[in-house]
There are 2 protein chains.
Amino acid sequence: MARKQGSHSDITGPKVRAAALRLIARHGCAAVSMRQIAAEVGVQAGALYNYTSDKQTLLFDLMRRHMEKLLAAYDETLITGTPTEQLRAFTLFHIRYHLPRRDEVFVSYMELRNLSPENFLVVEGLRRNYEDALEGILKAGEADGSFTLPDRKVTVLSLIAQLTGITNWYRDDGRLTQEQVEDIYCDLVLRTVSAPR
Amino acid sequence: MARKQGSHSDITGPKVRAAALRLIARHGCAAVSMRQIAAEVGVQAGALYNYTSDKQTLLFDLMRRHMEKLLAAYDETLITGTPTEQLRAFTLFHIRYHLPRRDEVFVSYMELRNLSPENFLVVEGLRRNYEDALEGILKAGEADGSFTLPDRKVTVLSLIAQLTGITNWYRDDGRLTQEQVEDIYCDLVLRTVSAPR
DNA sequence: TTTCCAAGTGAACAAGCGTTCATTTACAGT
DNA sequence: ACTGTAAATGAACGCTTGTTCACTTGGAAA
């Protein structure tokens with residue numbers, strides 16, 4: 001039976017993932033050694049292997065967890081109303097979920113190439129689920145005539161690239177507050193789905 | 001005096017950069033060893049140091065060259081007419097320049113974090129020049145009333161993220177030809193700068 | 001108080017790393 | 001044919017890598 005108190009595994013496990021995430025986001029997976037991660041946790045390198053079978057799996061866990069938490073958070077978010085209202089809600093959700101999780105976003109996009117083929121497929125599949133959610137909204141908007149799109153699937157990818165790009169330049173102490181950025185992007189996104197005059 | 005014939009340096013130099021670009025784009029800078037690059041060129045690792053002072057400089061050269069060639073190609077492109085026509089020309093230029101150079105794009109965006117601070121500033125400055133070119137077009141469009149933007153600088157970053165994102169999903173044997181993608185994005189870009197009805 | 005075992009240590013492993021350099025190779029100019 | 005030198009070799013350098021494992025530690029349960 002697991003210890004109820006004094007057990008470190010419930011503490012060290014998350015610490016390992018947090019340290020790995022921070023370091024990998026800053027330097028890249030191959031550039032970070034298990035010893036560096038261990039040092040950040042305050043432990044010897046060997047101890048990491050109580051929490052992951054190897055480095056590749058540690059990276060995969062970070063990415064899979066990020067995508068699963070994203071989908072879970074999205075499922076818990078109420079996306080209702082007209083397609084236009086839904087699209088606005090999606091935009092706000094995307095910005096609000098991603099902006100405080102820049103390390104996760106960076107790792108999940110940048111380190112895809114370092115996953116084994118089967119691990120890649122898992123993460124890719126999760127990402128597709130998220131894209132499908134947006135596509136559903138666009139489809140509804142096309143159906144009831146609120147949106148006019150040149151190509152639905154391309155619009156999905158374009159919108160997500162546009163929104164996720166915010167994480168690359170937004171600064172808390174920058175010219176714009178997060179609320180201002182949210183307003184600007186709600187505007188830009190709605191323009192994208194409206195037929196030109 | 002450099003040899004005019006029989007000299008390998010004019011051949012091996014570009015080969016080194018091409019091999020480094022290919023491998024780094026696929027696996028990341030830290031994951032690729034000088035020996036792997038040398039093997040791809042067909043040479044021993046030591047020979048690489050006739051063409052670069054060290055690995056960091058090799059990476060920096062790839063990124064700086066990419067940005068400089070991009071700016072040079074842009075300068076040679078005739079961007080004239082109304083702001084709307086200019087924006088359309090910019091969109092086509094961006095897609096046509098970046099799509100055949102996906103390795104360069106990937107490396108230039110993904111490996112920024114592995115540059116030394118001073119090298120980072122150089123590449124960052126070159127990128128800003130490119131962004132400024134687009135901002136100039138948007139400014140002209142605002143001035144003559146053809147564009148209405150919620151925020152000019154955010155729109156610049158949003159448009160570039162949107163356009164560059166194409167390199168992540170476009171496939172030559174995919175559903176859409178490059179021409180179709182160009183048309184779709186010209187449409188999307190123009191929507192972005194037009195005030196909603 | 002004793003027992004037990006999860007958690008962490010620290011040394012060790014073979015392999016690979018970036019980089020240097022004395023040496024060899026082979027071609028251009030004489 | 002001879003010379004000079006650019007280009008490449010291949011061995012060597014000290015160091016780091018991911019991973020393993022016999023061993024220690026310290027708190028929970030009996």
Side-chain angles (χ1 to χ4, degrees), chain A residues 1-63 107 111 113-116 119, chain B residues 1-63 107 111 113-116 119:
Chain A
M1 190 175 67
R3 297 182 183 183
K4 284 169 187 167
Q5 215 183 353
S7 172
H8 292 185
S9 72
D10 299 346
I11 298 166
T12 309
K15 264 182 151 182
V16 168
R17 285 190 294 274
L21 185 70
R22 228 184 65 91
L23 288 169
I24 292 175
R26 273 159 189 68
H27 308 106
C29 184
V32 173
S33 71
M34 295 299 270
R35 283 170 180 82
Q36 284 175 270
I37 297 170
E40 182 116 337
V41 176
V43 107
Q44 292 299 313
L48 298 183
Y49 290 85
N50 289 325
Y51 304 98
T52 185
S53 55
D54 53 27
K55 202 187 183 188
Q56 156 85 205
T57 305
L58 177 56
L59 174 65
F60 172 58
D61 279 344
L62 293 177
M63 300 173 67
V107 170
E111 304 290 343
R113 59 188 172 183
N114 291 327
L115 291 180
S116 67
N119 286 347
Chain B
M1 190 176 70
R3 298 182 184 186
K4 286 168 185 166
Q5 217 185 351
S7 171
H8 292 184
S9 72
D10 298 348
I11 298 165
T12 309
K15 264 181 150 182
V16 168
R17 284 190 294 274
L21 186 70
R22 227 184 66 91
L23 288 170
I24 292 175
R26 274 160 189 67
H27 308 106
C29 185
V32 173
S33 72
M34 295 299 270
R35 283 171 180 82
Q36 284 176 269
I37 296 170
E40 182 115 336
V41 175
V43 107
Q44 293 298 314
L48 297 183
Y49 290 84
N50 289 323
Y51 304 97
T52 185
S53 54
D54 53 27
K55 200 187 184 188
Q56 155 85 204
T57 305
L58 177 57
L59 174 65
F60 172 57
D61 278 344
L62 294 178
M63 301 172 67
V107 170
E111 303 291 344
R113 59 188 173 184
N114 292 325
L115 291 180
S116 68
N119 286 347

Figure out the CG/C1' separation between B:Asp10 and C:dA28, and round it to whole Å. 14 Å
Starting at CD1 of A:Ile24 and ending at C1' of D:dG18, how long is that distance when rounded to a whole Å? 14 Å
Nucleotide D:dT17, atom C1' - distance to CE of A:Met34 in whole Å: 11 Å
Measure from the side chain of B:Tyr51, starting at C-beta and using heavy atoms only, and say which of D:dT17, D:dA7, D:dT9 lies closest. D:dA7
Starting from C1' on C:dT24, measure out to CG on B:Asn50 and report it in whole angstrom. 14 Å
Euclidean distance, atom CD1 of residue A:Ile11 to atom P of D:dG27 [Å, nearest integer]: 13 Å
Kindly indicate, with the supporting measurements, whether the criterion side chain to side chain contact (heavy atoms under 4.5 Å, CB included) is fulfilled by A:Leu48 and A:Leu58. CA-CA 10 Å; A:Leu48 298 183; A:Leu58 177 56; 5.7 Å; no
side-chain N/O A:Ser33 vs D:dT16 OP1/OP2, d < 4.0 Å: no
What closest approach, in Å, do A:His27 and A:Ala31 show between heavy atoms, and which atom pair accounts for it? O-CB, 3.1 Å
For A:Val16 against A:Val41, the heavy-atom pair lying closest together: CA-CG2, 3.8 Å
May I ask you to evaluate whether B:Thr12 reaches the phosphate of D:dA7, defined as a side-chain N or O under 4.0 Å from OP1 or OP2? no
Roughly how many Å is it from CD in A:Gln36 to C1' in D:dC15, rounded to a whole number? 14 Å
From the candidates C:dG18, C:dC17, D:dG10, the one with an atom nearest any side-chain atom of B:Gln44 is D:dG10
Using atom NZ of A:Lys55 as one end and atom C1' of D:dT16 as the other, report the distance to the nearest whole Å. 11 Å
Could you tell me which non-hydrogen atom of B:Ala45 sits nearest to which non-hydrogen atom of B:Arg35, and how far apart they are? CB-CG, 3.8 Å
What is the minimum heavy-atom distance between B:Ile24 and B:Val107, and which atoms define it? CG2-CG2, 3.9 Å
So, is B:Tyr49 near the phosphate of D:dA8, with a side-chain N or O under 4.0 Å from OP1 or OP2? no
Closest to the A:Ala47 side chain, choosing from C:dC17, C:dG18, C:dT9: C:dT9
Interatomic distance, A:Leu59 CG vs D:dG18 P [rounded to whole Å]: 13 Å
Residues B:Arg17 and B:Leu62: closest non-hydrogen pair is O-CD2, 3.6 Å
For B:Glu40 and B:Ala19, the nearest pair of non-hydrogen atoms, with its separation, is CG-CB, 3.6 Å
Strictly under 3.5 Å: I want the nitrogen or oxygen pairs between protein and nucleotides 11-14 of chain C, one per line.
residue : atom : partner : partner atom : Å
C:dA12  : N6   : A:Arg35 : NH2          : 3.3

Reading DNA chain C from 5' onward, which residue's closest nucleotide shows up sooner: B:Cys29 or A:Ala45? A:Ala45
Assign B:Val41 to base, sugar-phosphate, or nothing according to its heavy-atom contacts below 4.0 angstrom with the strands shown. nothing
